K.L.:
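Mind having a look at this structure? Questions to follow.
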Protein chains: 2
Amino acid sequence: MKKKDRSGTTIKDVARETNLAISTISKYMNGGTVRKKNQELIEAAVKKLNYFPNNTARWLRTSKTYRVGVIAGIVNSPHTSAILNEIEKKLRDHGYSVSFFSFDENLDKTKEYVEYMISNGVDGMLITIPGNTEGQLIFPENLRIPVVTIEENSGVIQGDCVQTSCTQGAYEITEHLIKNGHSSIAVIEGRRNSLTASERMKGYFRAMEDYGIPVRPEYVVQGDYIYQGGYLGIHELWKLNEKPTAVFVTNYDMSMGAMEAIYDLGIRIPEQLSVVVFDDFELSVMVNPKLTSVRQPLAELADAACELLLRRMNGDESDYPKRIRMMPSCIYRESVQDLNR
Amino acid sequence: MKKKDRSGTTIKDVARETNLAISTISKYMNGGTVRKKNQELIEAAVKKLNYFPNNTARWLRTSKTYRVGVIAGIVNSPHTSAILNEIEKKLRDHGYSVSFFSFDENLDKTKEYVEYMISNGVDGMLITIPGNTEGQLIFPENLRIPVVTIEENSGVIQGDCVQTSCTQGAYEITEHLIKNGHSSIAVIEGRRNSLTASERMKGYFRAMEDYGIPVRPEYVVQGDYIYQGGYLGIHELWKLNEKPTAVFVTNYDMSMGAMEAIYDLGIRIPEQLSVVVFDDFELSVMVNPKLTSVRQPLAELADAACELLLRRMNGDESDYPKRIRMMPSCIYRESVQDLNR
DNA sequence: ATGAAAGCGCTAACAT
DNA sequence: ATGTTAGCGCTTTCAT
């Protein structure tokens, strides 16, 4: 039997070794009380045979796997990895392990992934959609396990979710530029049809409007949420006769491209151009000067999602569906020049 | 029953719906042939009831979970996330999903983690040890599933592993400095007792020796593999009367600290100081000027590890234990001044 | 091609 | 406190 080759010692072996009933072993392994003598017997046998209980078989009876499925974007991005890191830590603290899938492109496959996860026996799921992903989350029809989504958008999903308000962050950072005396404020937009992109633009437009500053069409350049977009965006802006005094780059990847272009063109920050960016990762403090940016509370987001999921998995459905909104915060560093002085 | 609340449709339900035997359904689901009429019946029922087979129960019979356990360091680091990303993609392509644990501190808990993973029913395991982690991998005694480790060290583990040669990379990058006319070459060392640290230092010392350049003790400054170490290291070097013309920073976190210190002190790269670093992530190209660095082939490492594990899980033990060594490569950019010109 | 039945490792009544 | 037994969802002989 293949079986015997792979799987190690079972509860049966321990029972045989100790001359006790299987159920006694089971009881003890689950924290029940047995006679001291038997406890010692069991301990000895467990050690000798190197037995540890099989959660998978356990699940068959209890319908608990203590495993949660996580579906996320490319791990190798600071956004996803920050969230994933927090999720894993948090869930492990609560005795859960995580199985995860990442998807590269679109969301079409989520349904398939979700089904696969359930096939694999998870007690619940966490889904985090990177803001620059197109498409819609699709769930199998009669989903029986709790799912909490972590996202930057709003309105995409029904059900439990935690999210950040992109509009708010974009508004604040634009306002910051305005308060520093800027009115020629360019923006490098995210990909068309992206919800986060339009949320962020909304924040920008609203701030401009609130302060009565007209938006010049040539200052709104179309990006795509990737490196390239930021790079080309800056080049485009720098061809203008009347150059902006500030630029708001609306996501992380684009901000790297933008910085590259800024170096290439020899533009001095903040003397010639003030720069603010959406998302705050390592780069923001490693470039010179350090960037003023909008920071999404990723760890807090992940934490809240885990808490909620944990409650759901424990059967508490009281406040379903719950939508938790968190506010991003602006981090003021050295990349903005104060034009008032 | 809790049970019924959570778990969805079972094979039983499909059998009832179609008036066929459970075993017929099972056969069909596993690619066996059934009468056309029955096939249609089953398909219809599966769709109607939204049935998908439960891998976990399946495992009970087949001892295959199609799940592999991954134990890695902090996900939220470019090193780990690059590897994890590749592993997940690769394994998913082969029909496996990944369960993972990360550990923050030391390796003492690996044994526990490994046991837990096995309890959870994985077909194999991948363990990646970040080079800056102390301690020894400890495995449970009669481990019945294949394990492949991915590491930067050599000699720590018996069994299958893939690794990079740190010594080689450190040698090459030091040699590069020498060939560019440098002889006052400082190095910021990794943490004491770290194997990778000593491997990297070995590369440095060997290159210096091969080219007959004496190593000045004050140019070897002790770091700790974290940000702080790089930061303080540069400050320490810059207090010296005879400053080095080049510095080799031996890991990523320290190189960030070093760059920070370099900015703070207003040191110009490469005019005043040439900088080379071990590890090549985003930072290296985002700073100005771009950094010459040693790049570990992380994706390739992960790929090779997956290939090997996949073979082992398919029962091919032919070349056990296999040790695959990969060479890092140097990426020459703009942070080194050519003193020969 | 189909079905009946045994059994994977474990837990949970229930009886002792 | 311990043992007996049924059964979780599924695959796999072995009959039919």
Side-chain angles (χ1 to χ4, degrees), chain A residues 1-42 45-46 49-66 115 118-123 144, chain B residues 1-42 45-46 49-66 115 118-123 144:
Chain A
M1 272 281 92
K2 259 257 166 65
K3 186 92 240 177
K4 272 292 139 201
D5 295 336
R6 304 250 130 177
S7 74
T9 314
T10 79
I11 200 171
K12 238 178 189 165
D13 300 317
V14 180
R16 199 175 313 125
E17 176 80 15
T18 55
N19 277 316
L20 290 169
I22 288 182
S23 53
T24 307
I25 316 292
S26 170
K27 188 183 176 195
Y28 175 71
M29 295 304 290
N30 288 290
T33 50
V34 297
R35 257 199 279 280
K36 185 125 178 246
K37 191 169 53 176
N38 288 336
Q39 165 172 353
E40 284 159 10
L41 266 172
I42 297 175
V46 163
L49 303 173
N50 196 34
Y51 167 74
F52 30 100
N54 187 308
N55 270 342
T56 311
R58 215 172 230 179
W59 159 88
L60 219 41
R61 297 288 310 171
T62 59
S63 85
K64 283 286 273 180
T65 56
Y66 288 99
E115 288 181 352
I118 296 175
S119 270
N120 264 291
V122 294
D123 295 342
R144 309 286 193 102
Chain B
M1 272 274 99
K2 259 256 166 67
K3 185 94 242 177
K4 272 293 141 203
D5 295 337
R6 305 247 132 178
S7 72
T9 314
T10 78
I11 200 171
K12 239 180 189 164
D13 300 318
V14 181
R16 198 174 313 125
E17 177 80 15
T18 55
N19 277 318
L20 290 168
I22 289 181
S23 49
T24 308
I25 316 291
S26 170
K27 189 184 177 194
Y28 176 71
M29 295 304 289
N30 287 291
T33 50
V34 298
R35 259 199 278 280
K36 185 123 180 253
K37 191 171 55 174
N38 287 336
Q39 166 173 350
E40 284 159 9
L41 266 173
I42 297 175
V46 163
L49 302 173
N50 196 34
Y51 168 73
F52 29 98
N54 187 309
N55 271 341
T56 311
R58 214 171 229 180
W59 159 89
L60 219 41
R61 299 287 310 169
T62 59
S63 83
K64 282 286 273 183
T65 56
Y66 289 98
E115 289 182 350
I118 297 176
S119 271
N120 263 291
V122 294
D123 294 342
R144 310 287 193 104

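Worth knowing before you read on, the calculation uses all heavy atoms, side chains too, and leaves out hydrogens, waters and symmetry mates. All chains are named by letter (A, B, ...) in the order of the sequence lines, taking the proteins before the strands, and each is independently numbered beginning at 1. Keep in mind that what you see is a predicted model, and the values were worked out from it rather than measured.
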K.L.:
Phosphate oxygens OP1/OP2 of D/dA1: is one of them under 4.0 Å from a side-chain N or O of A/Lys37?
P.N.:
no
K.L.:
Suppose we call a contact any N or O donor and acceptor under 3.5 Å apart; does that hold for the side chain of A/Ser26 and the base of C/dA12?
P.N.:
no
K.L.:
Checking side-chain contact (heavy atoms from CB on, under 4.5 Å) for the pair A/Ile25/A/Ile42: CA distance, chi angles, key distance, verdict?
P.N.:
CA-CA 7 Å; A/Ile25 316 292; A/Ile42 297 175; 4.0 Å; yes
K.L.:
Check the distance between D/dG9's C1' and B/Leu49's CG and give it to me in whole angstrom.
P.N.:
15 Å
K.L.:
Can you tell me if the side-chain N/O atoms of A/Asn38 get under 4.0 Å from OP1 or OP2 in D/dA1?
P.N.:
no
K.L.:
Using atom CE of A/Met29 as one end and atom P of C/dT11 as the other, report the distance to the nearest whole Å.
P.N.:
8 Å
K.L.:
Does A/Ser26 reach the main-chain N or O of A/Ile22 with its side chain, forming a donor-acceptor pair under 3.5 Å?
P.N.:
no
K.L.:
Heavy atoms under 4.0 Å, any strand shown: does A/Ile22 hit a base, just sugar-phosphate, or nothing?
P.N.:
base
K.L.:
Atom CD1 of A/Ile42 to atom C1' of D/dT2: distance rounded to whole Å?
P.N.:
10 Å
K.L.:
Between A/Ala21 and B/Asn30, which is nearer to the 5' end of DNA chain D once each is assigned its nearest nucleotide?
P.N.:
A/Ala21
K.L.:
Has the side chain of A/Ser23 got a donor or acceptor that lies under 3.5 Å from a partner of the other kind on the base of D/dT4?
P.N.:
yes
K.L.:
Among A/Asn55, A/Thr56, A/Asp123, which residue satisfies the side-chain hydrogen bond (donor to acceptor under 3.5 Å, both in side chains) criterion with A/Thr65?
P.N.:
A/Asp123
K.L.:
Specify the separation, in whole Å, of atom NZ of B/Lys64 and atom C1' of D/dC10.
P.N.:
17 Å
K.L.:
Identify the two heavy atoms, one from A/Leu60 and one from B/Leu60, that lie closest to each other, and give their separation to 0.1 Å.
P.N.:
CD2-CD2, 2.6 Å
K.L.:
Just to be sure I understand the rule, does B/Thr33 reach a base, reach only the sugar-phosphate, or reach nothing, if contact means heavy atoms closer than 4.0 Å?
P.N.:
sugar-phosphate
K.L.:
Which one, D/dG3, C/dG9, C/dG3, comes nearest to the side chain of B/Leu60?
P.N.:
C/dG9
K.L.:
Locate the shortest heavy-atom distance separating A/Asn50 from A/Thr9; write the atom from each residue and the value.
P.N.:
O-OG1, 4.1 Å
K.L.:
Of the candidate nucleotides C/dT11, D/dC10, D/dG9, which contains the atom at the shortest distance from the side chain of B/Arg58?
P.N.:
D/dC10
K.L.:
Would you kindly give the CG-to-P distance between A/Asp13 and C/dC8, to the nearest whole Å?
P.N.:
11 Å
K.L.:
In whole Å, I'd like the distance from the CD1 atom of B/Ile25 to the P atom of D/dC10.
P.N.:
11 Å
K.L.:
Please report, rounded to the nearest Å, how far the P atom of C/dA12 is from the OH atom of A/Tyr28.
P.N.:
18 Å
K.L.:
Roughly how many Å is it from CG in A/Leu20 to C1' in D/dT4, rounded to a whole number?
P.N.:
14 Å
K.L.:
Crowded around B/Tyr66 OH? As in, over 12 foreign heavy atoms under 6.0 Å?
P.N.:
no
K.L.:
Within the structure, does a side-chain N or O atom of B/Lys27 lie under 4.0 Å from either OP1 or OP2 of D/dC10?
P.N.:
no
K.L.:
Find which nucleotide of DNA chain C each of B/Asn19 and B/Ala57 is nearest to by heavy atoms, and output the residue with the more 5' nucleotide.
P.N.:
B/Asn19
K.L.:
Counting any heavy atom closer than 4.0 Å, what does B/Tyr51 reach on the DNA or RNA strands: base, sugar-phosphate only, or nothing?
P.N.:
sugar-phosphate
K.L.:
Report yes or no: is there a donor-acceptor pair, N or O only, under 3.5 Å between the side chain of B/Arg61 and the base of C/dG7?
P.N.:
yes
